[in-house]
Amino acid sequence: MSEPKHDCAFTVENNYFRFRAGGLLLEDGKILFVKTKFGDYCYVAGGGVKLGESTETGVLREFTEEVGVQVKIERLAVVCENFFKGHGGNIEGKDCHTLEFYYLLSTEEDISQIPAKTDEDEELKWIPVEKIPESNIKPNFIKNRISEILNQTGPLHIVEDNDRNS
């Protein structure tokens, strides 16, 4: 079977949908985030799931591509239905709907070798877990519920629509 090539994403009029997988890489009490080029906020590393690809395969692939590190999935932490107004790039001004799977990750690699920037030239930032609630992170549920995300035993199902009209 050939490698999947296309992200599960589409645009209809002013609406944008994307199927995404992200990873919370926790090391030494810090989580790795990406600072976006389109604003003053951070988001969880990851990206679009490809047609025919599982979310697990997608998050592992995205971490290798974006961050250059091999990771291991510890568990599924969150399934999120995220509704927001797009800012920057091809989603500017669009009404966005993403279905997102967030995994808690670990690595056996030397994290000091993780580059300062992603493959898309976005800054990588390690944020201490205790600083996450006061940090500018999107979607908002990550900073508002980080303790619950890290400490629960099963995945959370979250519908995030606080940024729908902002």
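As a basis for the values below, the full set of heavy atoms in this structure was taken, side chains included, without hydrogen atoms, waters or symmetry mates.
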Looking only at heavy atoms, which two atoms of Gly48 and Glu53 are closest? And how far apart? O-OE1, 4.3 Å
Would His97 and Glu81 satisfy side chain to side chain donor-acceptor pair (under 3.5 Å), going step by step from the backbone distance to the final call? CA-CA 7 Å; His97 175 184; Glu81 299 174 60; 5.1 Å; no
Under 6.0 Å between the ring centres of His87 and Phe38? no
Are Tyr16 and Val12 grouped together when hydrophobic residues (ILVMFWY) are joined by side-chain heavy atoms under 4.5 angstrom apart? no
Taking every non-hydrogen atom, the tightest pair across Leu124 and Pro115: CD1-O, 3.3 Å
Glu92, CD: over 12 other non-hydrogen atoms inside 6.0 angstrom: yes
Is the NZ atom of Lys143 crowded by more than 12 outside heavy atoms at less than 6.0 Å? yes
Could you walk me through whether Arg20 and Asp7 satisfy the salt bridge (Lys or Arg N to Asp or Glu O under 4.0 Å) test, starting with their C-alpha distance in whole Å, then the side-chain angles of each, then the deciding distance to 0.1 Å, before giving a yes or no? CA-CA 9 Å; Arg20 183 178 191 279; Asp7 282 358; over 6 Å; no
Less than 4.0 angstrom from a charged side-chain N to a carboxylate O is my criterion; do Lys37 and Asp121 meet it? no
Between Gly46 and Glu62, which heavy-atom pair has the shortest distance, and what is it? O-OE1, 3.5 Å
Check the pair Tyr102, Cys80 against side-chain contact (heavy atoms from CB on, under 4.5 Å), reporting the backbone distance first and the verdict last. CA-CA 8 Å; Tyr102 290 94; Cys80 178; 4.2 Å; yes
Any link between Val129 and Phe141 through a network of hydrophobic side chains (Ile, Leu, Val, Met, Phe, Trp, Tyr) touching at under 4.5 Å? yes
Stepwise side chain to side chain donor-acceptor pair (under 3.5 Å) test for Thr55 and Tyr103: CA-CA 9 Å; Thr55 56; Tyr103 290 91; 2.5 Å; yes
Using atom types as modelled, flag every donor-acceptor pair under 3.5 Å from a side chain in residues 71-78 to any protein atom, sequence neighbours excluded.
from  : atom 1 : to     : atom 2 : distance (Å)
Glu74 : OE2    : Ser106 : OG     : 2.5
Arg75 : NH2    : Ile149 : O      : 3.0
Arg75 : NH2    : Leu150 : O      : 3.0
Arg75 : NH2    : Gln152 : O      : 3.3

Is there a path of hydrophobic side-chain contacts, each under 4.5 Å between heavy atoms of I/L/V/M/F/W/Y residues, joining Leu60 to Leu104? no
Given the rule in the side chain to side chain donor-acceptor pair (under 3.5 Å) test, do Glu160 and Asn82 qualify, once you have shown the distances and angles that lead to the verdict? CA-CA 5 Å; Glu160 178 72 35; Asn82 192 5; over 6 Å; no
For this output row, return yes or no: ring centroids of Phe19 and Phe101 closer than 6.0 angstrom. yes
Could you tell me which non-hydrogen atom of Gly23 sits nearest to which non-hydrogen atom of Leu105, and how far apart they are? CA-CD1, 3.5 Å
Same apolar cluster: Val49 and Ile91, side chain cutoff 4.5 Å: no
Ile146 and Ile127: same hydrophobic cluster, using ILVMFWY side-chain contacts below 4.5 Å? yes
